[in-house]
Protein chains: 2
Amino acid sequence: MEKDLKKLFTEKGLKMTIQRVAILEYLMKTKTHPSADMIYEHISKKYPTITLSTVYNTLETLVNKGIIKKIPTFAGISRYDADLEPHVHLVMGDDKNVKIKDIYDKEIIQQIRTEVANKFNLDVDDNNIYLIIEEKRQQ
Amino acid sequence: MEKDLKKLFTEKGLKMTIQRVAILEYLMKTKTHPSADMIYEHISKKYPTITLSTVYNTLETLVNKGIIKKIPTFAGISRYDADLEPHVHLVMGDDKNVKIKDIYDKEIIQQIRTEVANKFNLDVDDNNIYLIIEEKRQQ
DNA sequence: TTTGTAAATTAAAAACATTCTATTTTACTA
DNA sequence: TAGTAAAATAGAATGTTTTTAATTTACAAA
């Protein structure tokens with residue numbers, strides 16, 4: 001598995017560092033779509049010298065290289081996902097409690113793509129679609 | 001028209017102030033889905049004493065009272081809309097250039113609601129749906 | 001295996017949008 | 001018209017993310 005990561009990093013022109021491996025492996029293992037801070041909290045238990053800057057920088061690099069996905073939320077805090085299988089992110093909840101679900105249903109994805117995206121002449125990947133559903137506000 | 005606003009504010013238990021009227025009227029007039037800062041820039045030309053805090057506070061109040069909508073984006077900057085006609089917000093572009101389009105097509109809205117929202121047992125209004133399509137990243 | 005160097009990590013500061021606090025001002029009721 | 005609760009203001013504070021400058025590291029080439 002480490003070999004696979006080595007290959008992946010090399011292909012993308014990235015050096016393989018302890019920090020990058022730790023972050024990517026954690027993201028690949030979890031299904032919680034963690035934030036940068038959540039990732040930092042988790043990783044720093046094993047690697048106490050890692051900094052939050054590194055986590056942010058690493059995530060940005062991995063996103064730009066197409067290795068992971070950055071998920072927008074209404075709470076102003078991005079979440080991350082290493083699952084590149086085509087799927088739609090459904091973001092729900094409220095500012096204090098963001099909930100993210102994955103929609104793998106190909107029909108739904110296809111419908112959204114053809115009915116909405118293509119209507120506006122957009123060239124989108126299946127996994128660049130985020131559906132944000134805000135819960136009703138009080139009063 | 002001012003009478004209508006007076007009625008609206010009173011109904012919602014809000015005092016009608018110059019600032020609130022200016023902000024709401026601007027939002028009702030424009031179709032640009034402006035950010036708090038854009039609204040501040042526009043309003044402050046006519047009312048130079050208004051502050052950015054007031055714009056934020058007012059927007060928050062209007063959102064909580066259901067008078068306007070707050071639109072999340074991937075750029076970490078919220079945008080606002082006074083159009084309460086049921087429609088879906090399609091958020092596109094990139095961090096530096098957010099583009100928002102309105103989808104009024106009832107069929108599309110209904111499809112997203114029934115196919116996606118109801119599948120997850122969500123009780124959503126038609127205009128609480130935000131579809132964020134991220135453009136492909138470089139490299 | 002060692003060395004050179006570009007790339008990555010670090011710590012800290014800065015940037016940015018947004019919220020909060022304490023004070024002053026205002027809208028509206030009586 | 002005066003009293004009062006609500007709103008606006010100025011400025012500080014917050015929280016997330018980015019940037020900067022210095023140190024450390026990965027890895028290619030000798």
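Lettering follows sequence order; numbering is per chain, from 1.
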Novice: Tell me whether the count of non-hydrogen atoms from other residues, nucleotides or ligands lying under 6.0 Å of CD1 in A:Ile18 goes above 12.
Specialist: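 Counting other residues, nucleotides and ligands, CD1 of A:Ile18 stays at 12 neighbours or fewer.
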Novice: What closest approach, in Å, do A:Met16 and A:Val21 show between heavy atoms, and which atom pair accounts for it?
Specialist: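 Scanning both residues, the minimum pair turns out to be CG-CG2, 3.4 Å.
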Novice: Counting neighbours of CD on B:Glu11 that are heavy atoms of other residues, nucleotides or ligands and sit closer than 6.0 Å, is the number greater than 12?
Specialist: yes
Novice: Between A:Arg20 (side chain only) and A:Lys15 (backbone N and O only), is there a donor and an acceptor less than 3.5 Å apart?
Specialist: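 Yes, A:Arg20 side chain to A:Lys15 backbone: donor-acceptor pair under 3.5 Å.
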Novice: Is any side-chain N of the basic residue among A:Glu25 and A:Lys29 closer than 4.0 Å to the acidic one's carboxylate O?
Specialist: no
Novice: Please give me the minimum heavy-atom distance between B:Ile39 and B:Val55, naming the atom from each residue.
Specialist: CG2-CG1, 4.1 Å
Novice: Would you say A:Thr30's side chain and A:Leu27's backbone share a donor-acceptor pair under 3.5 angstrom?
Specialist: no
Novice: Given axes from five pairs at either end, by how many degrees does the helix from C:dT1-D:dA30 to C:dA30-D:dT1 bend, rounded to 10°?
Specialist: 30°
Novice: With clusters defined by side-chain heavy atoms of hydrophobic residues (ILVMFWY) lying less than 4.5 Å apart, directly or transitively, does A:Leu90 cluster with A:Tyr104?
Specialist: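 No, separate clusters.
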Novice: Is there a donor-acceptor pair under 3.5 Å between the side chain of A:Asn57 and the backbone N or O of A:Ser53?
Specialist: yes
Novice: Does the side-chain contact (heavy atoms from CB on, under 4.5 Å) test come out yes or no for A:Ile100 and A:Met92, once each step is laid out?
Specialist: CA-CA 6 Å; A:Ile100 299 176; A:Met92 299 167 295; over 6 Å; no
Novice: Along DNA chain D, 5' to 3', what are the outermost nucleotides having an atom less than 4.0 Å from a heavy atom of chain B?
Specialist: D:dA5 to D:dG11
Novice: Take atom OH of B:Tyr40 and atom C1' of C:dC16, then tell me their distance rounded to the nearest Å.
Specialist: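 Answer to the nearest Å: 16 Å.
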Novice: Base, sugar-phosphate or nothing for A:Thr61? Non-hydrogen atoms, less than 4.0 Å.
Specialist: nothing
Novice: What one-letter contact string describes nucleotides 17-30 of chain C from 5' to 3', where B marks a base within less than 4.0 Å of any protein heavy atom, S marks contact via sugar-phosphate atoms alone, and - marks no contact?
Specialist: SBBB------BS--
